Asker: 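Could you have a look at this structure, given as structure tokens, before my questions?
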Amino acid sequence: MLVYMARYYLPQGMRYATLEERKQFYTQEFSLQKVQEWLKQHKGKAKFAAVMGRHTKIYPEKYREDAGTTIVIDDYKGLNEVQDYLVEFLPEAAYYDRNVYGSNDRKTGQELAFDLDPENITCPIHGTLADKMRRHQGLSFCKIELELVKEQALSLYEHLEAQFSSMKIVYSGRGFHIHVFDPEAYALSTKERRQIAQKVKEKGYKIDEWVTAGDMRLIRLPYSLHGLVSRIVIPVEKGELDSFKPVHDKRCLPKFLGNSATS
Ligand SMILES: [Zn+2]
């Protein structure tokens with residue numbers, strides 16, 4: 001426990017979720033209806049993925065061998081079955097595949113997305129990403145970094161508004177994602193995606209290029225549980241972002257935290 005405390009710092013109230021808590025969340029709280037609503041934008045059958053315990057090392061014992069593996073969930077009849085898989089695997093992280101597939105599983109497009117993570121923020125207390133990596137704290141973050149990454153997300157959203165009209169911001173548990181649903185964005189080539197990522201970086205936004213360029217096609221599933229911080233991944237409207245406080249906001253607090261997180 002001391003080792004864990006020394007290695008990872010998180011904003012107060014954020015912590016790893018236990019297996020029992022993940023189970024409670026995916027059986028009682030996870031909203032298939034909201035997931036379905038979110039995936040309305042996604043043409044074709046969505047693929048999902050789950051990681052049980054890559055970072056937390058918390059996973060069902062019978063899946064020890066696959067604890068760090070990204071398990072693709074594409075063989076399912078309805079979303080109820082996807083939920084069954086999540087209840088079975090009790091993952092620290094759940095994703096969906098941004099690729100759109102046509103017949104014969106051929107990729108016909110990809111949802112464009114931008115990923116802003118707090119570790120990329122240079123913090124007055126914890127320093128640069130390089131400083132954090134040197135201390136093996138690449139996954140740690142603090143309240144200041146979370147606030148700064150939120151400001152970056154809002155600023156990037158406004159920057160992208162010149163080019164795209166249908167976008168959504170998602171609080172990912174650690175940082176923020178911007179999803180683009182304009183039909184033209186789905187049709188962008190890999191080269192065009194790289195150029196967009198490059199331009200955004202040149203503007204000073206510290207995005208994960210792999211996500212925008214499409215090399216990393218999985219993105220955290222909205223309304224799933226982020227098991228490293230015990231927060232629900234939720235879309236946040238642009239107008240409410242400024243006052244959004246993920247440490248306290250009830251919408252992203254799973255029930256298993258009770259009142260402990262808000263006090
Ligand atoms: Zn910090």
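What you see is a predicted model, and the numbers here were worked out from it, not measured in a lab. When a ligand or atom number is given, it counts from 1 through the structure's own listing order. Residue numbers run from 1 in the order of the sequence given.
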Asker: How close do M167 and L160 get, heavy atom to heavy atom, and via which atoms?
Answerer: SD-CB, 3.7 Å

Asker: Strictly below 4.0 Å, N to O, side chains only: are K62 and E88 in salt-bridge contact?
Answerer: yes

Asker: Which protein atoms of type N, O or S are found under 2.8 Å from the Zn ion (ligand 1)?
Answerer: C123 SG, H126 ND1, C142 SG, E145 OE2

Asker: Side chain to side chain contact (heavy atoms under 4.5 Å, CB included) between D182 and Q163: does it pass, once the steps are laid out?
Answerer: CA-CA 10 Å; D182 294 49; Q163 199 178 348; over 6 Å; no

Asker: When you measure from the centre of the six-membered ring of F244, is the NZ or CZ of K150 closer than 6.0 Å and no more than 45° off the axis?
Answerer: no

Asker: Do the side-chain N and O atoms of H55 and E92 include a donor-acceptor pair separated by under 3.5 angstrom?
Answerer: no

Asker: Does any N or O in the side chain of E29 come within less than 3.5 Å of the main-chain N or O of K255, such that one atom is a donor and the other an acceptor?
Answerer: yes

